[in-house]
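Let me begin by presenting the structure, written as structure tokens, before commenting on it.
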Amino acid sequence: MSDPAAAPAEGASDFIREFVKEDLASGRYASVRTRFPPEPNGWLHIGHTKAFNLSFSVAREFGGSCNLRFDDTNPEKEDQSYVDAIKRDIRWLGYEWGENEFYASDYFEKLYQYAVMLIRKGKAYVDDLSDEQIREYRGTAVPDRNNITMTPPGRDSPWRDRGVEENLDLFARMREGEFPDGSRTLRARIDMAHPNLNMRDPVMYRIKRETHYRVGDAWCIYPMYDFQHPLSDAMEGITHSLCSLEFENHRPLYDWFIRECEAFPSRQIEFARLNITYTVLSKRWLQRLVSEGLVDGWDDPRMPTLSGLRRRGYTPEAVRDFLSRIGLAKTNSMVEIQLLEHCLREDLNKRARRAMAVLKPLRLIIENWPAGTVEQLDAVNNPEDESAGTRRIPFSGELWIERDDFAEVPPPKYFRLFPGNSVRLRYGYIVTCTGFDKDPATGEITAVRCTHDPDTRGGNAPDNRKVKGTIHWVSAAHAVPIEARLFEHLFPNERPMEVPAGVDWVSTVDRGSKQVVGGWGEPCLADAAAGDSFQFERLGYFCLDPDSRPGKPVFNRSVSLRDSWAKIERKQA
RNA sequence: UGGGACGUAGACAAGCGGUAAGUCAGCGGUUUUUGGUUCCGCCAUUCGCAGGUUCGAACCCUGCCGUCCCAACCA
């Protein structure tokens with residue numbers, strides 16, 4: 001407890017770490033053990049990372065350990081595939097749990113014995129009330145004249161005072177499968193007048209004939225969260241059980257079960273869950289996006305799932321950096337997605353190789369280029385990392401440039417290509433625009449013409465004249481065709497869940513949030529492997545998608561570069 | 001005539017009775033062969049509001065206001 005090694009390594013500090021420190025100092029606990037308890041009924045999203053990053057980090061910082069425990073007590077929706085996906089995603093973010101992998105379903109027998117213990121103590125009883133009756137007896141909330149919700153005290157179930165022996169017998173027969181689904185429950189005997197609804201004799205067990213993905217048909221009664229969770233924590237010797245705010249109302253119950261079962265006194269501490277603008281962080285909502293085909297599956301790069309972020313090109317480092325920046329508190333908060341994007345840019349800027357690619361191609365013809373000549377030019381792979389080295393790029397008399405980099409009539413402050421103006425072709429030559437070709441029928445610019453200054457090879461002018469603009473390009477004869485998938489936020493609204501009455505939030509999904517375009521890339525892009533990240537100069541960061549085929553790489557735009565020109569344009573408009 | 005929490009800048013968030021950190025966003029400028037990056041400035045006389053205690057209050061007390069959560073045999 002006076003061990004200096006117990007101090008947080010990274011200097012992270014928040015109210016939970018304060019509590020942990022106090023608990024160690026006071027001797028309440030001798031060491032730290034946390035847990036991350038996902039239910040295997042869906043994919044992990046970035047909201048979950050806040051929770052498991054916290055529990056794993058706190059454990060590590062205080063020299064303890066963190067268990068991965070699957071909270072699999074509802075066989076209806078759980079499946080092994082989710083277990084596998086969850087494990088894969090946690091590892092991806094960089095956490096390992098070694099031998100500490102547990103399943104609440106492994107505790108079914110022990111939990112049953114705890115329930116028997118509570119029955120013997122007169123603290124639990126078998127109830128014959130139906131679910132509707134239970135709800136009614138619990139006390140239905142009614143709006144008063146000020147429309148404030150109030151809840152009258154509940155009434156005792158007529159079965160509440162059954163004798164211990166009868167309860168024991170009935171509970172055993174529930175387990176044996178003598179009663180139909182839903183016909184009886186085991187309830188904790190606490191206080192039907194308690195102001196906290198959770199304390200009004202919560203259900204501990206329900207009868208449900210459903211095959212469980214791990215224990216099969218061994219059980220037809222399954223424990224409820226409120227009973228199972230504290231005892232699972234206790235059995236694992238969890239000291240600090242960290243969970244989100246909505247469980248605050250359950251803490252008295254959590255403590256009650258542990259106390260009455262005389263189990264290890266785990267401490268539950270709640271914190272605010274993560275919300276991010278322009279997206280939704282709820283399994284149910286994400287599930288709907290998938291099932292209604294609004295996205296291309298759980299790993300669609302627009303999804304906030306870890307598999308989606310990974311496919312989008314997010315790195316574990318960027319996600320962890322994000323988590324370290326959002327802080328930890330009990331205030332309900334909505335983090336701007338710009339912060340997440342900033343973290344990605346910052347990470348990729350240091351690590352991603354640069355490459356040139358043109359996404360809205362326009363032909364550039366260098367009129368004074370010696371016909372048939374091809375030159376190999378040197379290019380830096382990453383100006384932020386000298387060790388990344390250099391590469392050669394072919395240059396010739398016909399190039400692809402970005403359509404946005406030419407203007408027939410330049411707007412104010414535009415310093416790209418327009419008739420009479422000079423720009424530098426990155427790593428190439430300084431060229432001067434001599435004209436352009438236009439389709440007389442459509443008015444579309446079909447090619448831009450220019451001359452190059454042979455003395456500026458590499459981009460430097462011997463006379464040191466300054467050229468304001470530098471644009472990217474790809475040699476037409478050497479370009480590899482690429483597909484680029486450009487993503488925008490899934491929702492146009494900062495808070496997609498807050499829709500006007502009568503509007504289905506699903507209808508607000510931006511159908512144009514995924515845009516597929518064809519373009520041209522420099523030759524090195526043909527050799528990219530799935531998952532490789534590049535910065536396409538002046539455009540953004542792109543990650544090779546597994547949909548790529550030989551000769552046809554597909555790139556997902558992870559995030560665009562900051563674009564101050566776009567801001568100027570916006571102001572001018 | 002319910003219970004549990006939370007209110008510090010546009011968004012997060014430090015602050016723990018001694019006179020408002022930091023980050024993102026935004027704005028202005030610097031550097032730059034990416035309108036990227038870097039770097040430098042600016043951005044809360046005030047902490048939901050009103051009283052009170054104190055030499056001194058974002059921090060303590062009282063009242064009020066606002067927001068969130070709770071009425072699954074889900075977790």
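Since this is a predicted model, take the numbers as computed values, not measurements. Chain identifiers are assigned alphabetically (A, B, ...) following the order of the sequence lines, protein sequences preceding nucleic acid strands; residue numbering begins at 1 within each chain.
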OP1 or OP2 of [N] less than 4.0 angstrom from a side-chain nitrogen or oxygen of [X], does that happen here?
{"X": "A:R251", "N": "B:rC70", "answer": "no"}
{"X": "A:K283", "N": "B:rA75", "answer": "no"}
{"X": "A:R138", "N": "B:rC70", "answer": "no"}
{"X": "A:R562", "N": "B:rG26", "answer": "yes"}
{"X": "A:H342", "N": "B:rC24", "answer": "yes"}
{"X": "A:T73", "N": "B:rA75", "answer": "yes"}

Heavy atoms under 4.0 Å, any strand shown: does [X] hit a base, just sugar-phosphate, or nothing?
{"X": "A:P223", "result": "sugar-phosphate"}
{"X": "A:R345", "result": "nothing"}
{"X": "A:Y429", "result": "nothing"}
{"X": "A:Y427", "result": "base"}
{"X": "A:I134", "result": "base"}
{"X": "A:H250", "result": "base"}
{"X": "A:N249", "result": "base"}

Tell me the interatomic distance from [X], atom [atom1], to [N], atom [atom2], rounded to whole angstroms.
{"X": "A:D321", "N": "B:rC24", "atom1": "CG", "atom2": "P", "value": "10 Å"}
{"X": "A:H194", "N": "B:rG2", "atom1": "NE2", "atom2": "P", "value": "15 Å"}
{"X": "A:F36", "N": "B:rA75", "atom1": "CZ", "atom2": "C1'", "value": "12 Å"}
{"X": "A:F15", "N": "B:rA14", "atom1": "CZ", "atom2": "P", "value": "9 Å"}
{"X": "A:R273", "N": "B:rC70", "atom1": "CZ", "atom2": "P", "value": "11 Å"}
{"X": "A:L561", "N": "B:rU32", "atom1": "CG", "atom2": "P", "value": "19 Å"}
{"X": "A:L242", "N": "B:rA75", "atom1": "CG", "atom2": "C1'", "value": "17 Å"}

When you measure from the side chain of [X] to the backbone N and O of [Y], does any donor-acceptor pair fall under 3.5 Å?
{"X": "A:D127", "Y": "A:L186", "result": "no"}
{"X": "A:R200", "Y": "A:R138", "result": "yes"}
{"X": "A:D72", "Y": "A:E39", "result": "no"}
{"X": "A:E78", "Y": "A:N74", "result": "yes"}

**OP:** By nearest nucleotide on RNA chain B, pick out whichever of A:Y414 and A:L245 is the more 5' one.
**Re:**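 The residue closer to the strand's 5' end, by nearest nucleotide, is A:L245.
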
Subject >> Given RNA chain B, 5'-ward residue of the pair A:E248 and A:E537, judged by closest heavy atom >> reply: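 Nearest-nucleotide comparison on RNA chain B picks A:E248.
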
Taking only the side-chain heavy atoms of [X] (C-beta and beyond), determine which of [options] contains the nearest atom.
{"X": "A:F247", "options": "B:rG36, B:rG2, B:rA75", "value": "B:rA75"}
{"X": "A:N198", "options": "B:rC70, B:rU34, B:rA25", "value": "B:rC70"}
{"X": "A:M224", "options": "B:rG35, B:rA75, B:rG36", "value": "B:rA75"}
{"X": "A:R135", "options": "B:rU34, B:rA71, B:rA75", "value": "B:rA71"}

When rounded to the nearest Å, what value does the distance between [atom1] atoms of [N] and [M] take?
{"N": "B:rC47", "M": "B:rG4", "atom1": "P", "result": "28 Å"}
{"N": "B:rU62", "M": "B:rC68", "atom1": "P", "result": "25 Å"}
{"N": "B:rC69", "M": "B:rU38", "atom1": "P", "result": "39 Å"}
{"N": "B:rA13", "M": "B:rU1", "atom1": "C1'", "result": "38 Å"}
{"N": "B:rG41", "M": "B:rU31", "atom1": "C1'", "result": "15 Å"}
{"N": "B:rC43", "M": "B:rC24", "atom1": "C1'", "result": "13 Å"}
{"N": "B:rG66", "M": "B:rC74", "atom1": "C1'", "result": "31 Å"}
{"N": "B:rG26", "M": "B:rC64", "atom1": "C1'", "result": "35 Å"}

Just jot down the side-chain contact (heavy atoms from CB on, under 4.5 Å) partners of [X], sequence neighbours excluded, or say none.
{"X": "A:N198", "answer": "A:N196, A:N249, A:H250, A:L253"}
{"X": "A:E248", "answer": "A:L245, A:R251, A:E270, A:K330"}
{"X": "A:S244", "answer": "A:E246, A:F247, A:R273"}

Subject >> side chain to side chain donor-acceptor pair (under 3.5 Å) partner of A:Y541, the single match among A:Q535, A:R345, A:R557 >> reply: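 So, applying the side chain to side chain donor-acceptor pair (under 3.5 Å) to A:Y541 and each of A:Q535, A:R345, A:R557, only A:Q535 qualifies.
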
Mind listing the closest non-hydrogen atom pair of [X] and [Y] along with its distance?
{"X": "A:L170", "Y": "A:F179", "answer": "O-CE1, 3.6 Å"}
{"X": "A:Y222", "Y": "A:K208", "answer": "CE1-O, 3.2 Å"}
{"X": "A:G47", "Y": "A:L281", "answer": "N-CG, 4.0 Å"}

Looking at [X] and [N], is any side-chain donor or acceptor paired with a base atom of the opposite kind under 3.5 Å?
{"X": "A:N196", "N": "B:rG4", "value": "no"}
{"X": "A:N74", "N": "B:rC74", "value": "no"}
{"X": "A:Q535", "N": "B:rU34", "value": "yes"}
{"X": "A:E384", "N": "B:rG36", "value": "yes"}

Subject >> Pairing annotation in dot-bracket form, given for RNA chain B with Watson-Crick or G-U pairs under 3.5 Å and | for cross-strand partners >> reply: .(((((((.[[[..)..(...]]].((((.........)))).....[[[[[..)....]]]]])))))).....

**OP:** List in numerical order all residues of residues 563-571 of chain A for which some heavy atom is under 4.0 Å away from an atom belonging to RNA chain B.
**Re:**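 The answer is A:D563, A:S564, A:W565, A:K567, A:I568, A:K571.
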
Are any non-hydrogen side-chain atoms of [X] and [Y] less than 4.5 angstrom apart?
{"X": "A:F491", "Y": "A:M497", "value": "no"}
{"X": "A:E346", "Y": "A:D321", "value": "yes"}
{"X": "A:R538", "Y": "A:R426", "value": "no"}

Each nucleotide N or O in nucleotides 7-12 of chain B that has a protein N or O under 3.5 Å away: list the pair and distance.
residue: B:rG10; atom: N2; partner: A:E336; partner atom: OE1; Å: 2.8
residue: B:rA11; atom: O4'; partner: A:E336; partner atom: OE2; Å: 2.8
residue: B:rA11; atom: O3'; partner: A:M334; partner atom: O; Å: 2.8
residue: B:rA11; atom: O2'; partner: A:M334; partner atom: O; Å: 2.8
residue: B:rA11; atom: O2'; partner: A:E336; partner atom: N; Å: 3.2
residue: B:rC12; atom: OP1; partner: A:M334; partner atom: N; Å: 2.6
residue: B:rC12; atom: OP1; partner: A:M334; partner atom: O; Å: 3.2
residue: B:rC12; atom: O5'; partner: A:M334; partner atom: O; Å: 3.2
residue: B:rC12; atom: O2'; partner: A:I326; partner atom: O; Å: 2.6

**OP:** Verify the ring-centre separation between A:F227 and A:F257: is it less than 6.0 angstrom?
**Re:**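 Close enough - the centres of the two rings lie under 6.0 Å apart.
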
